[in-house]
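Reminder, nothing fancy here: chain letters follow the sequence lines and each chain counts from 1.
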Amino acid sequence: MPALRFFCKDTIMAKVVTRFAPSPTGHLHIGGARTAIFCWLLARHFGGDYHLRIEDTDLERSKQEYTDSILASMRWLGLDWDGDLNYQTQRTALYNSYVDKLLENGHAYWCSCTPEEVDAMREEARAKGLKPRYNGQCRTRNVGAGEGHCVRLKAPLTGKVVFNDMVKGTIAVDVSELDDMVIRRADGMPTYNMAVVVDDYEMGITHVIRGDDHVSNTPKQILIYQALGLPVPIFGHVPMILGPDKQKLSKRHGARAVIEYQDDGLLPQALVNYLVRLGWSHGDQEIFTLEELVKLFDGNNMNASAAAFDPDKLQWLNAHYMRTLPLPELTELLLPFVEKAGFGTVDKALVEKMASLFRERASNLKELAEAFRPLLISAEQLSYAEAGVKKALTEEGRQHLAALRLAYAEADFGDTATLEKIMHDYVEQNSLKFKQVGPPMRVALLGYLGGPHLPDVMTILGKAETLARLERAVNL
RNA sequence: GUCCCCAUCGUCUAGUGGCCUAGGACAACGCCCUUUCACGGCGUCGACGGCGGUUCAAACCCGCCUGGGGACGCCA
């Protein structure tokens, strides 16, 4: 495992500029989200800039709605970006001006070979057990521009391309592994690697943090930088995120887009915390606020190996944030979920009260809203858990409920202590154990065994509803 | 096929030659707390892929093997 320290504060001279460059062909996925978070953190840690570039050159699959969705996820995660958005489709002329420079300085040449001919060359090489590559036959032919002609980079014939990756350490590739790649297609459009190099240079990017799958593009891009005489940025290739089964993340693994987690009631700080911790560490610390992350994340301690996504740990983190978030803040986030659960518009103060009672019993907003159900429906609508009925609503249990109903009919529901005292007095006066009356009360009031402190439940329910539920349970 | 990358408990990880009879967290299990559930506390289970080498000493360095992943486009 490489352990290169690039980012001692005093070694950074120029301003750090990072970028995240998604293709708007889908929603923001957790892998991309993690990359974006790393880029953002590095920039923020060093007081630099974080840019967004939309790589929309795949006209077929790119859609505005995806760009919008990605931006929405970015905002939800709290990743603000600097400057304007850059759209690659709007910069074709710029890319080609750099291709022209390469043509002029002799680092590129026109090629008239057809794709079929190139395929044949590759096939031939492959048959000999060699790396499939273009044989460079137009290198010296000077074919010039023309119909069907593309432009290729005149790559060096010998030597190695070496770079120090922030996460993987030194990576060296022999140029014989690379071929004279096309940098401008016959239709005049630049190719991906060309566009990326030009963009990263033009945007002043100092640190390119991206997915693992780009390591093999890096030497190619470095060749372009060198041919152009441009400074090469620092690269950091973060490994991919695997499914819980260690297989590539796919549909069958469930949620993969951050928007899905949002809809499921996750808190953004939980997702960010989880994702950062997946592939980066700071000793044994598990919980980090955004501020802490900004302070701590200096580009070191990123893990070079792929990590499996663990939904359980995410839920645990989320549950942690659910119970530590200031109550009013949690309530605000909860409101839409309460509405989505079909309870209509519920008074905010009531939601807050219920949230305080149930927050440590739920691990996400959706679950929490759902936990309110027994309190928001009427006695007749309440459904009972079979196990609870069997265990608690026995003949004896019902007798206690009937007796307590009488006592509560006289009670003042404005005072929680009174409501509690009634139960205890009843237990004492009849020489009972609390567990003889507690469980029946729970099932009668909530429909299941478990839940918050009974007097609190009764307070929320109110007198009429409490009595109705006791009545119904007695006669069930 | 060729090249590149990766390899510590089930999972995320700590670990940069002696502090390691390998630490933390999630999960699982058990106990405690408790008016139930949950929270919390305590504990149990559980890993350095294999083989060689370097060294007084290796999870850490080197080599080979094995296993996994990625890349080899006029896709991005």
Side-chain angles (χ1 to χ4, degrees), chain A residues 1-3 5 21 23 25 55-58 60-62 88 111 113-115 118-119 122 125-134 148-152 165 168-169 171-174 176-179 181-187 189-193 195-196 211-220 237 239-240 242 244 246 248 274 277-287 301 303-317 319-320 323 358-363 388 392 420 423-424 427 433-435 437-439 441-443 446 448-455:
Chain A
M1 204 180 301
R5 261 112 246 246
S23 292
T25 54
E55 305 206 329
D56 55 350
T57 53
D58 185 339
E60 302 280 299
R61 298 190 302 145
S62 295
Q88 281 193 323
C111 170
C113 297
T114 64
V118 177
D119 280 347
R122 293 208 167 88
R126 204 186 286 271
K128 287 189 206 155
L130 298 171
K131 184 99 176 176
R133 51 194 295 247
Y134 173 66
H149 294 191
C150 64
V151 177
R152 287 181 182 276
D165 192 275
K168 307 247 184 210
I171 295 178
V173 176
D174 201 284
S176 64
E177 290 300 321
L178 282 6
D179 62 3
M181 72 186 119
V182 172
I183 53 179
R184 175 181 153 145
R185 289 184 258 267
D187 65 5
M189 291 296 285
T191 55
Y192 170 74
N193 283 312
V196 167
D212 216 343
D213 46 334
H214 285 289
V215 280
S216 57
N217 280 326
T218 305
K220 300 179 190 175
H237 290 96
M240 53 196 274
L242 272 18
K246 285 262 182 189
K248 200 167 176 171
Y274 178 75
R277 191 58 190 62
L278 190 66
W280 173 84
S281 61
H282 178 68
D284 287 337
Q285 190 170 345
E286 296 286 351
I287 311 240
N301 303 311
N303 211 131
S305 56
F309 186 83
D310 180 4
D312 286 335
K313 191 161 181 180
L314 211 209
Q315 287 297 317
W316 168 76
L317 264 169
H320 165 83
R323 68 184 104 88
F358 286 95
R359 72 198 307 201
E360 51 187 43
R361 296 173 171 81
S363 56
E420 177 156 22
M423 277 192 289
H424 287 295
V427 166
K433 295 250 196 256
F434 192 88
K435 66 178 175 195
V437 315
M441 284 291 281
R442 287 194 175 283
V443 176
L446 292 167
Y448 62 93
L449 291 162
H453 199 54
L454 255 9

Across the strands shown, which category fits [X] at heavy-atom distances under 4.0 angstrom: base, sugar-phosphate, nothing?
{"X": "A:K248", "value": "sugar-phosphate"}
{"X": "A:R122", "value": "sugar-phosphate"}
{"X": "A:H237", "value": "nothing"}
{"X": "A:E177", "value": "sugar-phosphate"}
{"X": "A:K246", "value": "sugar-phosphate"}
{"X": "A:P452", "value": "base"}
{"X": "A:E420", "value": "base"}
{"X": "A:P132", "value": "base"}
{"X": "A:A308", "value": "sugar-phosphate"}
{"X": "A:G450", "value": "base"}
{"X": "A:N217", "value": "base"}
{"X": "A:A172", "value": "sugar-phosphate"}

Could you walk me through whether A:L317 and A:E286 satisfy the side-chain contact (heavy atoms from CB on, under 4.5 Å) test, starting with their C-alpha distance in whole Å, then the side-chain angles of each, then the deciding distance to 0.1 Å, before giving a yes or no?
CA-CA 9 Å; A:L317 264 169; A:E286 296 286 351; 5.8 Å; no

Residue from A:N217, A:D212, A:T218 passing side chain to side chain donor-acceptor pair (under 3.5 Å) with A:H237:
A:T218

Measure from [atom1] on [X] to [atom2] on [N] and round the result to the nearest Å.
{"X": "A:Y134", "N": "B:C74", "atom1": "OH", "atom2": "C1'", "value": "12 Å"}
{"X": "A:H214", "N": "B:C5", "atom1": "NE2", "atom2": "P", "value": "18 Å"}
{"X": "A:N303", "N": "B:C6", "atom1": "CG", "atom2": "C1'", "value": "10 Å"}
{"X": "A:I287", "N": "B:U13", "atom1": "CD1", "atom2": "C1'", "value": "15 Å"}
{"X": "A:D310", "N": "B:G24", "atom1": "CG", "atom2": "P", "value": "18 Å"}
{"X": "A:D312", "N": "B:A28", "atom1": "CG", "atom2": "C1'", "value": "10 Å"}
{"X": "A:L178", "N": "B:C72", "atom1": "CG", "atom2": "C1'", "value": "10 Å"}
{"X": "A:L314", "N": "B:A27", "atom1": "CG", "atom2": "P", "value": "12 Å"}

What nucleotide among [options] has an atom nearest to a side-chain atom of [X]?
{"X": "A:D284", "options": "B:C4, B:G1, B:A14", "answer": "B:A14"}
{"X": "A:L454", "options": "B:A76, B:U35, B:C3", "answer": "B:U35"}
{"X": "A:E55", "options": "B:U35, B:A76, B:C26", "answer": "B:A76"}
{"X": "A:W316", "options": "B:C12, B:A76, B:A27", "answer": "B:A27"}
{"X": "A:K168", "options": "B:A25, B:A71, B:C5", "answer": "B:C5"}
{"X": "A:K131", "options": "B:A76, B:C3, B:U35", "answer": "B:C3"}
{"X": "A:A307", "options": "B:U13, B:A71, B:C6", "answer": "B:U13"}

Strand partner of [N], provided both Watson-Crick or wobble distances fall under 3.5 Å:
{"N": "B:C3", "answer": "B:G70"}
{"N": "B:C48", "answer": "none"}
{"N": "B:C26", "answer": "B:G10"}

Donor-acceptor side-chain pairing of A:T191 and A:N193 below 3.5 angstrom
no

salt_bridge(A:D179, A:R122) N-O dist < 4.0 Å
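Between A:R122 and A:D179 there is a salt bridge, with a charged N closer than 4.0 Å to a carboxylate O.
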
Salt bridge present between A:E177 and A:K131 (N-O < 4.0 angstrom)
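Yes.
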
Would you say [X] reaches [N]'s phosphate, i.e. side-chain N/O to OP1/OP2 under 4.0 Å?
{"X": "A:S281", "N": "B:A14", "answer": "yes"}
{"X": "A:R359", "N": "B:C37", "answer": "no"}
{"X": "A:R277", "N": "B:C26", "answer": "no"}
{"X": "A:R133", "N": "B:U2", "answer": "no"}

Within the modelled atom types, does a donor on one side and an acceptor on the other bring the side chain of A:R323 and the base of B:C39 under 3.5 Å apart?
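Looking at the base of B:C39, it does not pair with any donor or acceptor on the side chain of A:R323 (distance under 3.5 Å).
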
With a 3.5 Å cut-off and heavy atoms only, can you find an N or O donor on one side and an acceptor on the other between the side chain of A:E286 and the base of B:G24?
yes

Roughly how many Å apart are [M] and [N], using the [atom1] atom of each and rounding to a whole number?
{"N": "B:C9", "M": "B:G1", "atom1": "P", "result": "28 Å"}
{"N": "B:A47", "M": "B:A7", "atom1": "C1'", "result": "12 Å"}
{"N": "B:G67", "M": "B:C31", "atom1": "C1'", "result": "41 Å"}
{"N": "B:C33", "M": "B:U8", "atom1": "C1'", "result": "35 Å"}
{"N": "B:U13", "M": "B:C6", "atom1": "P", "result": "15 Å"}
{"N": "B:A58", "M": "B:C51", "atom1": "P", "result": "14 Å"}
{"N": "B:G53", "M": "B:C60", "atom1": "C1'", "result": "15 Å"}

Between the main-chain N or O of A:C150 and the side-chain N or O of A:R185, is there a donor-acceptor pair closer than 3.5 Å?
no

Specify the residue among A:R61 and A:D174 whose closest nucleotide of RNA chain B lies further upstream toward the 5′ end.
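Its nearest nucleotide being more 5', the pick is A:D174.
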
Per nearest nucleotide of RNA chain B, the residue lying toward the 5' end, A:K128 or A:G148, is A:K128

